[in-house]
K.L.:
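Supplied in structure tokens, the structure appears directly below.
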Amino acid sequence: MEYSFDIGPIRPPSEAYSLLIRATINCPWNRCKFCHTYKGERFQLRPVEEIKQDIKTAKAIQDNIIELSWKSGYGGRVKEVAGMVLNNLSNEAFRNVALWLYAGGKSAFLQDANTLIMKTDDLADVITFLKETLPSIDRVTSYARSKTAAKKKPEELKKLHEAGLSRLHIGLESGYDPLLQFMDKGVTAADHIKGGRNVVESGISLCEYVVLGLGGKKMWREHAIQTARVLNEIDPAFIRVRTMTINNRMPLYNELESSNFVRSTDEEIVEEEKLLIEHLECDSNYVSDHITNLLQEIEGKLPQDKGKMLAIIDRFQSLTPEERDNFIIGRRACMYTRLDDLDDTNKRQIVERVINRLGQGSEHVDDETIYSLMEGFI
Ligand code: SF4
């Protein structure tokens, strides 16, 4: 249990079972108004030898779990032992390795916010060492910024792909320049397109993240249309959507307080998502894998599933106002996962009681209460 290595604060939900290796620390930009993750923390590149030491420690933990499986009569069957020790560990690194082994030991995610900023040779060296040291890994992914991807030469990205970099996760957030500027994202739509195309053309799979509601009441329409335009030009393998949630650790909170930013309601964000999907003409997988999304069942492969996805929005918008209110509160109180849950009489009655309590006797819950419920998600 003395083995340990540093683990960063976040990874994408799709990397929940990945081995987490912190190749860089914090975010080199760190100015986006809607993001609190690394605020107040200084970005650091790590020496390659230090990262390799963490990989060696992960290997030592793996060996330790294998040894434990022999000693405890599991004959080297790692999954069973990893699953057993998982819930009894206070050591975060040991726990991460156990979880990774439990899931098959195939995937690794390089943290933190923009690993691509490392020198290409150094990053390729780290990925090669990772795959040599832990040969069960057949998928290596990381976060990157569009600006950094736009600056990399095509041959550099190809080199990283050949070293084993399988996927990059990029926060596109929006394709609308005035909104990107307002949010201090530090990139333009043109940077997003160049960076995204560079990644796609290198053979590295690309996942672009979009924030629904980012434009607020003022810019929602342009946000939806221009984001679709940029995504169409990039044609990433995956588009993942998240819904804007604000807390007081974000610079955006001050804009909200001074009324420079006015939030969209859930119903307005559904209209925005409809506009976004209507304008998408790429071949991407549209994924809604975040609890902040009201209609998390809107998922599919574009373009063939577009009609099916829009039909979910039509169904929501065709509900009575009372049913829509009920569904919104049911989602925000984590009672519902999909529209069909409205047919569950038990759940619906519980949600009615929640509405009554939150609305203090009225049948309507105000927007501020809904926003504060959402804050609990981040
Ligand atoms: S680049 Fe990403 S991690 Fe850095 S501040 Fe912006 S959203 Fe946050």
Side-chain angles (χ1 to χ4, degrees), residues 6-15 18 20-46 109-118 123 141-152 167-196 198-199 206-216 219 223 227 230-231 234 236 238-256 261 263 289-290 292-293 374-375 377-378:
D6 199 19
I7 289 182
I10 58 165
R11 41 92 188 133
S14 56
E15 306 296 335
S18 295
L20 302 177
I21 297 293
R22 203 170 192 186
T24 59
I25 298 176
N26 304 321
C27 173
W29 177 250
N30 215 5
R31 285 168 56 173
C32 303
K33 287 183 185 170
F34 55 86
C35 170
H36 66 266
T37 311
Y38 305 101
K39 292 288 181 286
E41 305 291 338
R42 194 171 56 84
F43 174 73
Q44 294 169 58
L45 284 167
R46 295 182 73 198
F109 179 75
L110 302 176
Q111 298 175 304
D112 275 337
N114 185 17
T115 304
L116 201 61
I117 205 166
M118 287 173 69
L123 182 53
T141 73
S142 190
Y143 279 134
R145 292 188 70 227
S146 291
K147 195 103 178 174
T148 310
K151 282 184 189 156
K152 288 275 181 196
R167 175 171 301 159
L168 283 170
H169 299 268
I170 290 184
L172 182 124
E173 335 296 5
S174 176
Y176 184 48
D177 276 332
L179 178 56
L180 290 168
Q181 200 173 5
F182 175 77
M183 291 292 173
D184 210 356
K185 180 69 192 167
V187 297
T188 61
D191 294 328
H192 274 323
I193 294 168
K194 183 159 188 339
N198 277 357
V199 174
L206 176 62
C207 175
E208 294 275 10
Y209 290 80
V210 171
V211 180
L212 301 173
L214 191 74
M219 292 191 249
H223 170 47
T227 299
V230 168
L231 287 167
I234 299 171
F238 291 89
I239 298 166
R240 284 188 152 89
V241 293
R242 279 92 186 79
T243 301
M244 165 83 108
T245 310
I246 304 176
N247 64 34
N248 60 10
R249 287 166 288 152
M250 297 172 183
L252 188 58
Y253 185 81
N254 297 332
E255 303 285 6
L256 193 67
F261 182 82
R263 286 188 221 203
D289 59 349
H290 207 271
T292 54
N293 299 336
M374 287 182 71
E375 263 183 52
F377 296 152
I378 54 169

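Just follow the structure's listing: the first ligand is 1, and inside any ligand the first atom is 1. Values below: every heavy atom of this structure, side chains too, minus hydrogens, waters and symmetry copies.
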K.L.:
Which atom names give the shortest non-hydrogen contact between Pro9 and Gln111, and what distance separates them?
P.N.:
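Minimum heavy-atom contact is N-NE2, 4.4 Å.
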K.L.:
So which heavy atom in the protein is nearest atom 2 (Fe) of ligand 1, and how far is it from that ligand atom?
P.N.:
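Atom 2 (Fe) of ligand 1 sits closest to the protein heavy atom Lys185 NZ, 4.2 Å.
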K.L.:
Do any protein N, O or S atoms sit under 2.8 Å from atom 8 (Fe) of ligand 1, and which ones are they?
P.N.:
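Within the sphere that stays under 2.8 Å of atom 8 (Fe) of ligand 1, the protein atoms of type N, O or S are Cys35 SG.
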K.L.:
Any side-chain heavy atom of Phe261 within less than 4.5 Å of one from Leu214?
P.N.:
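Result no, sub-4.5 Å side-chain heavy-atom pair not found.
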K.L.:
Salt-bridged, Arg240 to Glu208, with N to O below 4.0 Å?
P.N.:
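Looking at Glu208 together with Arg240, the answer is no, because their closest N to O distance does not fall below 4.0 Å.
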K.L.:
For Arg31, take its heavy atoms, then give the atoms of ligand 1 lying under 4.0 Å from any of them.
P.N.:
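Ligand 1 atoms under the 4.0 Å threshold to Arg31: 5 (S).
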K.L.:
In terms of relative ring orientation, are His169 and Tyr143 parallel, tilted or perpendicular, with 30° and 60° separating the classes?
P.N.:
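Rings of His169 and Tyr143: perpendicular, over 60°.
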K.L.:
State plainly whether the residues Asp289 and Arg242 are in salt-bridge range, i.e. N to O under 4.0 Å.
P.N.:
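Salt bridge flag = yes for Arg242 with Asp289.
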K.L.:
Start with the C-alpha gap between Asp184 and Arg31, add the side-chain angles, then the distance that decides, and say whether salt bridge (Lys or Arg N to Asp or Glu O under 4.0 Å) holds.
P.N.:
CA-CA 6 Å; Asp184 210 356; Arg31 285 168 56 173; 3.3 Å; yes
K.L.:
Check whether the ring centres of Phe43 and Tyr38 lie less than 6.0 Å apart, and answer yes or no.
P.N.:
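No, they do not, as the ring centres are separated by 6.0 Å or more.
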